[in-house]
Amino acid sequence: MDYSYSPKVVTVGHVDHGKSSFIGRLMYELGQVTEEKFQELKSVSAKRGVEFEFAFLLDALQDERNQGITIDTTQIFFKTERRNYIFIDAPGHKEFIKNMITGASSADIAFLIVDVAEGVKEQTKKHAYLLKILGFERVIVLYNKIDKIKYCQEKFTKINKELTAYLSKLEVEVHSSIPISAKNGDNISKNSEKTDWYLGGTVIDVLDGFSIKNNDHKNELRFPVQDIYKVGDKRIIVGRVESGKITNEDTLLFLPTNQIVKVKSLESWPKSKKEYNQGECVGITLDEQIFVDVGNIASRPGTPPKLMNRFEANVFWLSQSKLKLNKKYDLKINTGQYHVSINEIKKIIDTNNLQPKKNFNVTKNDICELVFHSSQLIPMDDYSHIKSTGRFCLLDENEIVAGGILNLKNFPDQKEVLSETKKNILPEEFYVSEIDRSVMLKHRPGIIWLTGLSGSGKSTIAKGVEKKLFSEHFNVFSLDGDNIRLGLNKDLSFSPEDRTENIRRTAEVAKLFSEAGFIVIVSLISPYRSERRKARDIRPEIFKLIYTKASLDICTKRDVKGLYAKAKSGEIKSFTGISSPYEEPEKPELIIDTEKENVNESIEKLYNFIKKEFSFS
């Protein structure tokens with residue numbers, strides 16, 4: 001057995017069943033708490049007029065003592081004679097289930113604690129089911145407060161039989177069932193004479209004897225990009241190694257862009273190493289400049305994550321608001337955030353009998369199986385394959401509404417589908433190259449992407465800049481959103497999915513123009529950051545995002561085309577700013593504030609920017 005690894009152990013169970021008291025007692029018996037500290041806490045408790053509890057050793061927040069419930073996930077580091085452990089005290093109160101998901105999701109060993117005097121409660125079954133969907137195949141059950149039933153073997157056996165049968169239906173094995181008293185210390189570090197009928201080991205014996213199953217995929221690298229810094233001439237990609245290790249000799253595949261590149265150097269402070277392992281943060285530089293964005297995942301080319309736009313998930317619904325089908329939610333996974341919709345509720349589980357509920361109204365604290373759709377391809381792993389990159393949370397207006405884990409078995413990996421399609425398509429190499437055109441025209445090609453609300457001035461500025469550049473012999477062309485929708489994209493509506501396709505097609509056309517040597521000025525509302533990021537990914541090295549900034553109030557007053565009036569009257573559905581959101585760019589290359597600048601000033605500002613970025617002179 002490998003004792004060099006420090007397992008994470010999560011303790012879950014119904015509120016007041018004694019999780020924190022158990023860990024506090026364990027720490028005390030292992031000598032992790034000094035006698036002085038122990039006596040101090042007993043004295044404080046006496047002054048407050050409350051009976052001392054071992055849970056007080058863990059209560060870092062004053063509110064927790066006042067409320068008598070644990071309200072956050074606490075990590076405790078301690079050791080037995082054999083190995084080190086990290087205990088995660090996960091809250092049991094259903095108001096704090098979202099914190100428990102965070103704690104349990106990274107654990108290797110699970111304790112399920114049951115008050116043997118109260119028996120198996122609804123919340124106990126919910127927590128057991130949560131452990132199941134978080135991937136636990138074995139659990140250690142602690143039957144606490146055995147002293148309350150006067151160490152009665154019959155009562156213990158009855159409750160143990162009931163819970164074991166329930167866990168068996170979940171296909172979760174009970175590794176050990178231990179009668180304990182956190183208050184008195186029975187069977188925690190020493191076998192209790194009061195339970196002479198119990199022939200198993202103590203909690204410490206069982207914990208030290210618990211073998212951690214080897215993860216067959218632990219060497220598969222997953223490096224989600226957290227940020228990109230520019231330090232001098234270096235472009236440093238920063239992130240945390242979520243799985244495997246990264247070395248200074250690695251070749252990496254970045255998804256979703258499908259670009260392969262070699263590591264040039266590993267950067268950290270105060271001193272860099274030759275390799276970084278799971279859990280460590282590091283910056284990397286690459287041997288060639290490719291476009292890498294926050295949320296991308298780096299892996300080794302032979303063992304990449306999947307690229308999905310349709311997938312299933314097991315979900316804990318945490319919000320007072322009911323789940324709404326086809327509504328746009330924000331999916332936060334690893335370091336990325338994506339717009340998704342829930343297309344199907346496959347089932348809602350009744351945790352009492354493990355049968356699907358007859359109704360399909362998902363409400364707070366429900367456990368359900370859902371089918372998601374994304375207009376973008378999202379790099380992800382099945383939770384059973386790699387836990388760290390297979391879990392997510394769901395947000396609605398920046399509030400967490402659900403937490404879940406991914407099941408990718410029933411939908412195809414789009415990376416493989418795309419690769420299969422491309423096998424039979426071979427691009428032609430032309431005699432006149434993009435460089436030849438640039439040398440002749442005396443400027444580089446570029447994609448100038450103007451985004452902003454309708455009425456912010458995109459088209460007016462684009463036309464003015466196009467005229468000014470053309471008069472100076474620039475190869476320039478303007479792609480306007482309305483013109484494109486009258487022809488190439490006339491089959492598309494203004495639904496979120498069709499907006500995405502509209503932007504994809506426009507970006508591909510802009511790419512073709514740029515390969516012909518043009519500076520292409522695109523005027524498109526393109527309301528979502530994710531869509532603009534996808535457009536950038538097509539030719540990131542020449543893509544420049546320009547934000548034509550103007551408030552909704554000003555754009556409504558301008559209303560050059562009368563569209564805002566129609567939207568407010570209900571004549572136009574899904575109109576950006578009125579019935580559909582607009583996400584302001586976070587880091588555009590240029591901001592043109594058309595509230596503060598007149599038309600000529602705005603045109604001049606963009607004209608100067610383009611000349612500086614793309615002209616050879």
Side-chain angles (χ1 to χ4, degrees), residues 1-10 73 75-79 83-88 90 101-110 134-137 210-228 236-255 261-263 265-286 292 294-306 332-336 378-393 403 405-406 408:
M1 187 179 297
D2 180 12
Y3 285 108
S4 62
Y5 176 66
S6 300
K8 288 186 176 181
V9 185
V10 67
T73 301
Q75 292 195 8
I76 305 100
F77 299 82
F78 69 99
K79 62 183 178 180
R83 62 182 171 190
N84 298 328
Y85 292 93
I86 304 170
F87 266 74
I88 304 169
I101 289 173
T102 306
S105 62
S106 61
D108 303 298
I109 304 171
L134 286 176
F136 287 96
E137 298 175 352
F210 195 102
S211 60
I212 309 298
K213 289 186 177 180
N214 290 329
N215 182 354
D216 295 336
H217 314 291
K218 64 182 179 181
N219 292 322
E220 293 188 15
L221 172 64
R222 295 293 184 267
F223 181 73
V225 176
Q226 183 176 335
D227 213 336
I228 297 100
I236 303 175
I237 299 163
V238 177
R240 181 178 183 269
V241 181
E242 292 294 341
S243 175
K245 65 180 180 180
I246 191 167
T247 75
N248 56 5
E249 297 179 349
D250 272 331
T251 296
L252 302 179
L253 166 69
F254 281 88
L255 291 177
V261 66
K262 290 184 177 180
V263 173
S265 68
L266 300 178
E267 308 280 339
S268 67
W269 187 90
K271 186 179 179 180
S272 297
K273 302 185 294 183
K274 291 184 178 180
E275 70 176 42
Y276 290 80
N277 295 290
Q278 181 176 341
E280 294 186 295
C281 296
V282 65
I284 63 174
T285 66
L286 307 175
V292 178
V294 173
N296 290 178
I297 292 184
S299 67
R300 292 192 179 85
T303 53
K306 293 184 177 182
K332 287 196 74 171
I333 180 168
N334 303 309
T335 55
I378 305 174
M380 56 176 62
D381 286 292
D382 193 297
Y383 186 81
S384 64
H385 185 72
I386 300 180
K387 289 184 179 182
S388 57
T389 49
R391 54 180 178 254
F392 65 90
C393 62
I405 62 171
L406 296 165
L408 308 183

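Residue numbers count from 1 along this sequence.
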> How far apart are the C-alpha atoms of Phe136 and Val10, what are their side-chain angles, what is the distance that settles it, and do they pass the side-chain contact (heavy atoms from CB on, under 4.5 Å) test?
Replying inline: CA-CA 11 Å; Phe136 287 96; Val10 67; 4.2 Å; yes

> What do the steps show when you test Glu220 against Arg222 for side-chain contact (heavy atoms from CB on, under 4.5 Å), and what is the final call?
Replying inline: CA-CA 7 Å; Glu220 293 188 15; Arg222 295 293 184 267; 3.3 Å; yes

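The main-chain N or O of Val294 is never found under 3.5 Å from a side-chain atom of Thr335 such that the two would form a donor-acceptor pair. Side-chain atoms of Asp382 come within 3.5 Å of backbone atoms of Ser384 as a donor-acceptor pair (strictly under, hydrogens ignored). Judged purely by atom type and a 3.5 angstrom limit, Asp108 uses its side chain to pair as donor or acceptor with the backbone of Lys8. Panel note: side chain Ser268, backbone Val282; no donor-acceptor pair is recorded below 3.5 Å.
How far CG of Asn334 is from OG1 of Thr389: 5.5 Å, rounded to the nearest 0.5 Å. In this structure, Ile246 CD1 and Leu266 CG are separated by 6.0 Å, a value rounded to the nearest 0.5 Å. Taken from CZ in Phe223 to CZ in Phe254, the straight-line distance is 7.0 Å, to the nearest 0.5 Å. Rounded to the nearest 0.5 Å, atoms CD1 (Ile284) and CD1 (Ile236) are 10.5 Å apart. Put simply, CG on Leu252 and CD1 on Ile297 are 12.5 Å apart, with the number rounded to the nearest 0.5 Å. Separation of atoms CD1 (Ile86) and CD1 (Ile109) is listed at 11.0 Å; rounding is to 0.5 Å.
Results of the side chain to side chain contact (heavy atoms under 4.5 Å, CB included) test with Leu406 over Met380, Lys306, His385, Arg391 single out Met380 as the only residue that passes.
The nearest pair of heavy atoms linking Arg300 to Lys245 is NH2-O, 2.6 Å. Closest of all the heavy-atom pairs between Lys273 and Glu280 is NZ-OE2, 2.7 Å. In terms of heavy atoms, Thr251 sits closest to Lys262 at OG1-CG, 3.5 Å.
Within a 6.0 Å radius of NZ in Lys79, no more than 12 heavy atoms belonging to other residues, nucleotides or ligands are found.
Ser299 is linked by a side chain to side chain donor-acceptor pair (under 3.5 Å) to nothing, counting only residues two or more places apart in sequence or in another chain.
Side chains of Leu286 and Val292 form a contact here, defined as non-hydrogen atoms less than 4.5 Å apart.
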